[in-house]
There are 2 protein chains.
Amino acid sequence: MIQHGAEGVHLNQIAEEAGLTSGAVLYHYPDLRDLLIEAHHAGMERFYEQRVKKISGMADPAQKLITTIRSGLPESPDDAGVRLLCELGGAAGRNRVYGTLLTTLYDRQVAMYQMILEVGAAQGVFKLAGDSEQIARNLVALEDAYGYRIIARHHSIGPDEAVGLILDFARMATGHPLKETPAPPRPKATRTTRTTRPRKSTGTADGSTAQPQDAG
Amino acid sequence: MIQHGAEGVHLNQIAEEAGLTSGAVLYHYPDLRDLLIEAHHAGMERFYEQRVKKISGMADPAQKLITTIRSGLPESPDDAGVRLLCELGGAAGRNRVYGTLLTTLYDRQVAMYQMILEVGAAQGVFKLAGDSEQIARNLVALEDAYGYRIIARHHSIGPDEAVGLILDFARMATGHPLKETPAPPRPKATRTTRTTRPRKSTGTADGSTAQPQDAG
DNA sequence: TAAGTATTTGAATCACGATTCAACAAATAT
DNA sequence: ATATTTGTTGAATCGTGATTCAAATACTTA
């Protein structure tokens with residue numbers, strides 16, 4: 001799906017990816033759509049669980065907030081998880097199931113932020129400039145949107161810039177300075193959790209990505 | 001594209017939509033992708049121009065801001081223009097041209113907001129709580145994200161709720177009360193520009209929409 | 001080990017959509 | 001009015017990918 005879009009998935013490719021033949025895939029999923037929905041469901045679950053886990057040990061609400069913001073953004077334009085979510089976004093308008101899936105994820109993320117905000121406010125760390133739900137919704141919205149920008153390879157908005165922009169809002173909303181990089185010791189401006197990252201971005205002449213048969 | 005996704009477009013449907021046969025379409029666009037790119041380009045241009053035009057006559061920056069926020073959101077989950085933009089969002093990760101197109105639109109919208117903010121600040125109407133570019137970027141980001149939520153038919157976020165949420169942020173950022181519905185008189189909650197709308201939503205067993213072969 | 005069940009394969013079939021193209025029609029130039 | 005170009009059609013062709021299924025293989029249980 002990442003390679004060819006929600007409507008461009010080909011059974012044979014799925015089979016190959018799974019190390020099987022098309023027949024075997026069909027044996028388990030006579031209707032391909034069920035497979036895709038399950039896959040999406042699982043992917044979203046994983047995405048959400050990862051975020052929760054990342055802040056599970058933390059005590060400081062500010063640190064939690066910062067970490068959560070970062071964990072909602074793609075690590076690079078090639079981040080598979082977020083790529084998939086973006087794909088889903090477009091399809092959600094056409095497909096009710098995808099729409100519901102995405103809506104549910106959104107709501108859960110809002111709840112997650114809301115919890116952080118409320119706890120922070122209760123502890124006196126945050127001075128919320130409005131309803132916690134309103135702030136939480138806007139935080140998730142910002143994450144989403146900058147995810148799209150990063151995936152689309154905006155020249156001046158990468159993961160770090162996006163974090164910065166969202167933090168600008170978060171500061172207004174919580175009245176907390178929210179200093180970045182609180183705990184993990186990092187000598188220079190080196191990024192932490194990041195995979196290989198291609199240095200030259202294998203683009204083709206017509207501007208499409210490496211994968212053949214794109215724009216269609 | 002709205003019906004079948006960026007990768008699901010079929011030549012014959014395009015032809016039919018245009019009142020032609022496939023051959024005639026191919027005569028003008030031997031490569032379908034060129035047609036799609038041009039179409040997207042034109043659509044985005046139209047979208048942007050409409051927004052600019054809507055505020056062209058206005059004097060009050062606050063009113064401009066409110067109007068612009070509303071004009072960036074879909075009027076309903078069926079809003080064709082925004083549906084298309086959402087579609088593009090997913091494809092942008094795969095296709096550089098779409099990515100660039102979308103990035104350009106984003107930047108132009110940011111500039112548009114920035115202008116409104118700066119003028120408002122210069123006139124003493126707004127007290128900006130930060131860099132105008134930062135605020136503008138977040139405003140566009142929020143628009144984008146709520147556009148997706150509306151398209152995905154979030155049960156509690158419609159156009160009005162989205163405007164409300166974005167305005168909450170805008171108030172923090174401008175220090176202006178930004179009272180809603182300043183000029184246009186609207187009697188009830190009736191939406192304006194809407195096409196036929198199917199009454200029963202011919203959904204299939206799996207929950208996908210009328211169009212066959214959805215989930216890809 | 002044997003019988004039974006679950007899974008996988010590979011080849012055959014089927015359906016659909018893109019592509020090609022000769023003939024036709026419309027518009028424009030001479 | 002005729003010639004030329006521009007645009008359109010409809011049918012024929014071609015290729016791809018989904019679907020089917022009998023046979024082969026792997027796994028389970030008694």
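These numbers come from a predicted model, not from an experiment.
- Residue A:Glu7 contributes atom CD, which lies 18 Å from atom P of C:dC16 at whole-angstrom precision.
- More than 12 heavy atoms of other shown residues, nucleotides or ligands fall within 6.0 angstrom of atom CD in A:Glu49.
- Side chain to side chain, B:Tyr146 and A:Asp144 fail the donor-acceptor criterion of an N or O pair below 3.5 Å.
- Rounding to whole angstrom units, CZ of residue A:Arg33 and C1' of D:dT19 are separated by 15 Å.
- Taking both residues in full, the closest heavy atoms of A:Asn12 and A:Ser22 are given as OD1-CB, 3.5 Å, listed atom of the first, atom of the second, then distance.
- Spacing between atom NE2 of A:His4 and atom P of D:dA18 amounts to 11 Å, rounded to whole angstrom units.
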Anything under 3.5 Å between a protein N or O and an N or O of nucleotides 5-7 of chain D, put it in a table, one pair a line.
{"residue": "D:dG7", "atom": "OP2", "partner": "B:Tyr27", "partner atom": "OH", "Å": "2.8"}

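- With respect to A:Glu143 and A:Arg51, a salt bridge is recorded, a charged nitrogen being found less than 4.0 Å from a carboxylate O.
- Comparing C:dT20, C:dT8, D:dT19 by their closest approach to the side chain of A:Leu26 singles out D:dT19.
- For B:Leu36 and C:dA18, the CG to C1' distance is 14 Å, given to the nearest whole Å.
- Annotation: proximity of residues 11-22 of chain A to DNA chain C (heavy atom, distance under 4.0 Å) is found for A:Leu20, A:Thr21, numbered in ascending order.
- For the strand DNA chain C, secondary-structure stems (runs of at least three Watson-Crick or G-U pairs, all distances below 3.5 Å) span C:1-30 with D:1-30.
- Applying the salt bridge (charged side-chain N to carboxylate O under 4.0 Å, His left out) test to pairs two or more places apart or on separate chains, those with a residue in residues 161-170 of chain A are A:Asp168-A:Arg171.
- Under the ring pair (Phe, Tyr, Trp, His ring centres under 6.0 Å) criterion, B:Tyr106 pairs with A:His154, sequence neighbours left out.
- Between A:Arg137 and A:Glu133 a salt bridge is recorded (basic side-chain N to carboxylate O distance below 4.0 Å).
- Remark: A:Glu45 pairs with A:Arg108 by the salt bridge (charged side-chain N to carboxylate O under 4.0 Å, His left out) rule, at least two apart or across chains.
- Taking the six-membered ring where the residue is Trp, B:His10 and B:His4 present tilted rings, their angle falling between 30° and 60°.
- No more than 12 heavy-atom neighbours from other residues, nucleotides or ligands sit within 6.0 angstrom of CE on A:Met115.
- Contact check, A:His10 against D:dT16: no side-chain N or O comes under 4.0 Å of OP1 or OP2.
- For the pair B:Ile69 and B:Tyr113, the tightest heavy-atom approach, listed with the atom from each and the gap, is CA-OH, 3.2 Å.
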